[in-house]
Amino acid sequence: MNRIIFATGNEDKLKEIRMILKDTGVEVVSMKEAGISAEIAEDGKTFEENAVIKAKTVMELSSEAVLSDDSGLEIDALDGAPGVHSARFMGTDTSYDIKNAAILEKLAGVPEEKRTARFVCAVVCALPDGRIFTCQRTMEGRIGYEIRGKNGFGYDPIFYLPEYGCYSAELSPEKKNEISHRGKALRGMRAILKEELIL
Ligand code: IMP
């Protein structure tokens, strides 16, 4: 295989997957570069379902190999919310300062041991011959008590990593890629595609 479409409009995600697949010689192109535009309803109940919907839709439109991902934050004390609704939680136009403050407020009084949470990322590859591969990974941590750190994005400033003694938004981009749900799922998918002799 000499090229694969990554079903995302996010430049940072494209950069990350290009780095991970660099030595394979496979060219990773965005949907725009492949001339595909589609409004895809992400109405699945799980991260994996949503990633499968995206990868299959773009594969059917392009007849090429397609990678996709779907991710979000699961908070145990909120029964797994915001989960698959992470991007839409409180509205897509609401700033993460406001969303993060609202989550801290909801968890006021919740003791340390019940503040467990995880970032989840499902990566899917859909091939034109109908084969579908999936790889899901997590980054486990806790919801902290304050908003801290300038790196990362989204919910990183309230996500505390006990193992590292810091918030996710305090990690360097390199360290975050090494331990994050997305980095691990993308590298896991690379391993699957190598094993299947697709890469
Ligand atoms: P998507 O997979 O690009 O749709 O991302 C879903 C949403 O989950 C993002 O908009 C963020 O709110 C949240 N999210 C996913 N991964 C991360 C992360 O690494 N840090 C912070 N927030 C994240």
Side-chain angles (χ1 to χ4, degrees), residues 7-17 19-20 40-54 68-124 134-188:
T8 185
N10 182 321
E11 275 302 319
D12 290 328
K13 287 186 185 179
L14 270 165
K15 260 191 226 158
E16 194 177 349
I17 188 70
M19 283 292 291
I20 288 170
I40 304 169
E42 294 183 28
D43 53 5
K45 287 190 185 58
T46 63
F47 297 107
E48 190 177 299
E49 266 179 48
N50 278 334
V52 168
I53 292 169
K54 278 187 263 188
S68 71
D69 82 325
D70 195 55
S71 59
L73 174 66
E74 286 181 353
I75 302 173
D76 294 328
L78 302 179
D79 295 322
V84 289
H85 305 294
S86 290
R88 285 159 280 168
F89 176 66
M90 294 179 71
T92 43
D93 292 337
T94 307
S95 77
Y96 276 91
D97 277 345
I98 292 174
K99 296 188 197 199
N100 285 333
I103 289 176
L104 293 183
E105 183 67 36
K106 275 179 197 282
L107 263 64
V110 176
E112 178 106 29
E113 70 276 10
K114 295 209 169 118
R115 300 175 78 92
T116 47
R118 68 204 53 76
F119 280 116
V120 183
C121 178
V123 171
V124 167
T134 66
C135 182
Q136 181 166 299
R137 295 286 184 271
T138 64
M139 178 166 76
E140 303 285 333
R142 285 191 208 134
I143 301 304
Y145 295 93
E146 57 184 316
I147 293 174
R148 230 163 85 178
K150 295 262 175 280
N151 297 337
F153 67 101
Y155 301 103
D156 282 328
I158 55 165
F159 193 78
Y160 183 72
L161 295 152
E163 269 177 76
Y164 298 91
C166 69
Y167 283 68
S168 179
E170 296 178 297
L171 294 172
S172 67
E174 294 75 26
K175 189 72 191 170
K176 168 110 189 267
N177 287 346
E178 186 188 318
I179 66 169
S180 80
H181 48 312
R182 187 172 303 102
K184 290 189 287 192
L186 287 170
R187 290 191 295 275

Which value, rounded to the nearest 0.5 Å, describes the distance between [X] atom [atom1] and [Y] atom [atom2]?
{"X": "Asn50", "Y": "Asp43", "atom1": "CG", "atom2": "CG", "value": "7.0 Å"}
{"X": "Tyr96", "Y": "Thr94", "atom1": "OH", "atom2": "OG1", "value": "9.5 Å"}
{"X": "Met139", "Y": "Lys184", "atom1": "CE", "atom2": "NZ", "value": "8.0 Å"}
{"X": "Glu42", "Y": "Asp70", "atom1": "CD", "atom2": "CG", "value": "5.0 Å"}
{"X": "Ile143", "Y": "Leu78", "atom1": "CD1", "atom2": "CG", "value": "8.0 Å"}
{"X": "Lys99", "Y": "Leu73", "atom1": "NZ", "atom2": "CG", "value": "11.5 Å"}

Taking C-beta and beyond as the side chain, do [X] and [Y] meet within less than 4.5 Å on heavy atoms?
{"X": "Lys176", "Y": "Asn151", "result": "no"}
{"X": "Val120", "Y": "Gln136", "result": "yes"}
{"X": "Ile53", "Y": "Ile40", "result": "yes"}
{"X": "Val84", "Y": "Phe47", "result": "yes"}
{"X": "Tyr167", "Y": "Glu146", "result": "yes"}
{"X": "Ile179", "Y": "Leu171", "result": "yes"}
{"X": "Ser68", "Y": "Thr8", "result": "no"}
{"X": "Lys15", "Y": "Asp12", "result": "yes"}

Heavy-atom closest pair, residues [X] and [Y]:
{"X": "Val124", "Y": "Ala51", "result": "CG2-CB, 3.5 Å"}
{"X": "Ala185", "Y": "Cys121", "result": "CB-O, 3.7 Å"}
{"X": "Met90", "Y": "Ala102", "result": "SD-CB, 3.6 Å"}
{"X": "Pro162", "Y": "Arg142", "result": "CG-CZ, 4.0 Å"}
{"X": "Leu104", "Y": "Gly144", "result": "CD2-O, 3.3 Å"}
{"X": "Ala117", "Y": "Asp76", "result": "N-OD2, 4.2 Å"}

*Can you check side-chain contact (heavy atoms from CB on, under 4.5 Å) on Ile17 and Val123, steps first, answer last?*
CA-CA 11 Å; Ile17 188 70; Val123 171; over 6 Å; no
Atom CE of residue position Met19 - does it have more than 12 heavy atoms of other residues, nucleotides or ligands inside 6.0 Å?
no
*asked:* Taking atom CD as the centre, does Glu11 end up with more than 12 heavy-atom neighbours from other residues, nucleotides or ligands that are less than 6.0 angstrom away?
replied: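 No, the 6.0 Å shell around CD holds no more than 12 heavy atoms from other groups.
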> Between the side chain of Asn177 and the main-chain N/O of Gly183, is any donor-acceptor distance below 3.5 Å?
Replying inline: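 Judged by distance alone, no pair lies under 3.5 Å.
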Over 60° means perpendicular and under 30° means parallel, so classify the ring planes of Phe119 and His181, tilted if in between.
parallel
- Electrostatic pair Lys175-Glu178, nearest N-O below 4.0 angstrom: yes
Q.
Between Thr46 and Glu48, do the side chains contain a donor N or O and an acceptor N or O under 3.5 Å apart?
A.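 Checked: Glu48/Thr46 side chains show no N/O donor-acceptor pair below 3.5 Å.
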Original post:
Are Arg115 and Tyr145 in a cation-pi contact, defined as NZ or CZ under 6.0 Å from the six-membered ring centre and within 45° of the axis?
Top reply: yes
